[in-house]
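Since the structure is predicted, the reported quantities are computational estimates derived from the model, not experimental observations. Chain letters run A, B, ... following the sequence lines, proteins first, then strands; residues in each count from 1.
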There are 2 protein chains.
Amino acid sequence: MEDFVTLKKQLCFAVYETAGEFNKLYSSVLQPFGLTYPQYLVLVALWEKDGVSVKELGEKLNLGTGTLTPMVARMEANDWLRKERSKADERKVFIYLEEKARAEKLTITSKVAEVIQSCQIELEEYEQLMKQLNTLQNKMKERRL
Amino acid sequence: MEDFVTLKKQLCFAVYETAGEFNKLYSSVLQPFGLTYPQYLVLVALWEKDGVSVKELGEKLNLGTGTLTPMVARMEANDWLRKERSKADERKVFIYLEEKARAEKLTITSKVAEVIQSCQIELEEYEQLMKQLNTLQNKMKERRL
DNA sequence: TTCAATTTAATCGTGTACGATTTAATCTTA
DNA sequence: TAAGATTAAATCGTACACGATTAAATTGAA
């Protein structure tokens with residue numbers, strides 16, 4: 001009558017674990033490029049839309065400046081991107097991809113796609129998971145107003 | 001023909017985001033108890049089985065000593081648990097719940113359950129997600145041998 | 001027009017998380 | 001049984017991640 005609370009039964013833990021697995025899997029692919037998994041997500045966001053402010057990037061990735069500022073600095077040091085303070089509004093800092101990021105895009109995304117393919121995830125399963133995770137997220141976001 | 005690579009289409013990002021949402025949701029519940037979300041997971045593991053070695057705890061949570069050692073130290077400082085070096089094998093360190101952790105168990109788990117309930121997650125959806133996440137994890141684990 | 005509210009990033013402190021190395025204890029095997 | 005292999009935990013260095021605070025620029029209302 002008591003132990004409903006076990007790790008294996010917790011959805012939160014399943015998500016936590018899966019996120020960890022993705023992190024490890026992607027890291028192994030990205031390491032040769034000198035990229036971490038979160039840094040790769042930044043690149044994906046910028047490949048999608050270049051020249052965004054830190055705020056906008058943060059909204060896309062659900063990250064605050066406490067995380068982004070140092071991460072962007074590291075990526076700048078590694079020539080992935082460049083920061084530029086806006087002339088029009090000096091509070092804003094825009095982030096632009098560097099040549100290296102554009103040049104390596106195809107190589108990196110191909111390698112990543114290759115590894116994901118090799119996991120044999122059915123398209124149907126993939127899409128259903130995406131949908132369910134989104135519904136779940138929305139419910140949690142609503143919950144905390 | 002090109003931009004299949006967008007954040008919103010990436011399963012890895014959906015999982016990453018969802019994990020973040022869980023973290024924030026749980027944190028808001030746990031903060032009054034002076035617990036972080038990962039620390040709560042440690043408690044769940046110990047409520048399930050008390051008196052385990054650091055290694056065993058790490059296997060259950062998918063965490064290494066680089067993460068666990070300092071975390072356990074903090075939880076020890078906050079009277080949630082106690083460390084004890086094994087007499088039989090002095091390499092091993094066993095972890096035991098303290099009174100505080102046993103006493104607060106019901107209060108904590110009730111509060112957590114309450115918040116999760118309020119998210120209105122259907123049982124069917126919950127179980128399907130669990131199942132799919134597990135299959136996904138297994139595929140990724142297999143992939144990296 | 002000025003000064004208080006807001007916005008944007010940077011900074012700070014704490015807490016995971018991971019791979020690699022180190023140290024100490026135990027086990028193996030020649 | 002002594003040396004080498006293995007195991008367990010601690011330690012180290014790096015990199016997120018978050019909430020709170022700070023500092024500077026902009027906006028807006030009296």
Side-chain angles (χ1 to χ4, degrees), chain A residues 12-13 16-28 30-43 52-59 61-78 80 83-95 144, chain B residues 12-13 16-28 30-43 52-59 61-78 80 83-95 144:
Chain A
C12 68
F13 185 63
Y16 170 87
E17 263 192 306
T18 312
E21 283 300 323
F22 266 120
N23 194 332
K24 282 171 198 163
L25 187 61
Y26 274 71
S27 293
S28 70
L30 297 167
Q31 184 163 350
F33 298 100
L35 279 173
T36 67
Y37 173 52
Q39 287 172 10
Y40 165 77
L41 293 178
V42 167
L43 285 188
V52 295
S53 70
V54 173
K55 179 185 167 59
E56 191 175 344
L57 187 59
E59 279 162 358
L61 295 164
N62 286 314
L63 292 174
T65 62
T67 304
L68 274 182
T69 299
M71 195 162 129
V72 162
R74 277 186 291 271
M75 293 181 74
E76 191 177 25
N78 292 327
W80 293 109
K83 287 181 0 179
E84 204 168 295
R85 194 161 286 275
S86 161
K87 304 284 186 209
D89 185 343
E90 300 230 354
R91 287 171 305 182
K92 294 185 184 171
V93 170
F94 287 107
I95 300 170
R144 44 190 205 90
Chain B
C12 67
F13 186 62
Y16 170 87
E17 264 191 306
T18 311
E21 284 302 323
F22 267 119
N23 195 332
K24 282 171 197 162
L25 187 61
Y26 275 70
S27 293
S28 70
L30 297 167
Q31 184 163 350
F33 298 100
L35 278 175
T36 67
Y37 173 51
Q39 286 171 12
Y40 164 77
L41 293 178
V42 167
L43 286 187
V52 296
S53 68
V54 174
K55 178 185 168 59
E56 191 175 345
L57 187 58
E59 278 161 0
L61 294 164
N62 285 315
L63 292 174
T65 62
T67 304
L68 275 182
T69 300
M71 194 164 131
V72 161
R74 278 186 288 271
M75 294 181 74
E76 190 176 28
N78 292 326
W80 293 109
K83 288 183 356 181
E84 204 168 296
R85 194 162 288 275
S86 161
K87 304 283 186 209
D89 184 344
E90 300 228 353
R91 288 170 305 181
K92 293 185 183 170
V93 171
F94 288 107
I95 300 170
R144 46 191 203 87

Scan [X] against the nucleic acid and name what it touches under 4.0 Å (heavy atoms): base, sugar-phosphate only, or nothing.
| X | result |
| --- | --- |
| B:T36 | sugar-phosphate |
| B:A88 | sugar-phosphate |
| A:L68 | nothing |
| A:F94 | nothing |
| A:S53 | sugar-phosphate |

Please give, in whole Å, the distance from [N] [atom2] to [X] [atom1]?
| X | N | atom1 | atom2 | value |
| --- | --- | --- | --- | --- |
| B:N62 | C:dG19 | CG | P | 11 Å |
| B:E59 | C:dC18 | CD | P | 14 Å |
| B:E90 | C:dT26 | CD | P | 6 Å |
| B:L57 | C:dA17 | CG | P | 12 Å |
| B:K92 | C:dA25 | NZ | C1' | 12 Å |
| A:R74 | C:dA10 | CZ | C1' | 14 Å |
| A:Y40 | D:dA15 | OH | C1' | 19 Å |
| A:L63 | D:dG19 | CG | C1' | 14 Å |

5' priority, DNA chain C, between A:Q31 and B:N23 [closest heavy atom]: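 Whichever sits nearer the 5' end wins; that is B:N23.
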Counting distance alone, no hydrogens or angles: does the base of C:dA10 have a donor or acceptor under 3.5 Å from a partner atom on the side chain of A:T65?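 Flag set: donor-acceptor pair detected.
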Would you indicate which nucleotide in C:dA17, D:dA25, C:dA10 comes nearest to any side-chain atom of B:T67?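 The answer is C:dA17.
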Under the side-chain hydrogen bond (donor to acceptor under 3.5 Å, both in side chains) test against A:D89, which residue among A:R91, A:K87, A:K92 passes?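 When A:R91, A:K87, A:K92 are each tested with A:D89, the side-chain hydrogen bond (donor to acceptor under 3.5 Å, both in side chains) holds only for A:R91.
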Using heavy atoms to find the nearest nucleotide of DNA chain D for B:V54 and A:Q39 separately, return the residue whose nucleotide is more 5′.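 Its nearest nucleotide being more 5', the pick is B:V54.
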Start at the 5' end of DNA chain D and walk down; is the nucleotide closest to A:Y37 or to A:R85 reached first?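 So the residue in question is A:Y37.
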With the side chain counted from C-beta on, respond yes when B:L35 and B:W80 share a heavy-atom pair under 4.5 Å apart, and no when they do not.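 Of all side-chain heavy-atom pairs linking B:W80 with B:L35, at least one is under 4.5 Å.
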Residue pair A:F33 / A:Y40, side-chain heavy-atom distance below 4.5 Å: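 Sidechains of A:Y40 and A:F33: no contact.
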Considering all heavy atoms of both residues, which atom of A:F13 and which atom of B:L41 are nearest to each other, and what is their separation?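 Minimum heavy-atom contact is CD1-CD1, 4.1 Å.
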Within the supplied structure, the quantity of interest is the number of heavy atoms (other residues, nucleotides, ligands) at a distance under 6.0 Å from A:Q31 CD; does it exceed 12?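 Counting neighbours around CD of A:Q31, 12 or fewer heavy atoms of other residues, nucleotides or ligands fall under 6.0 Å, so no.
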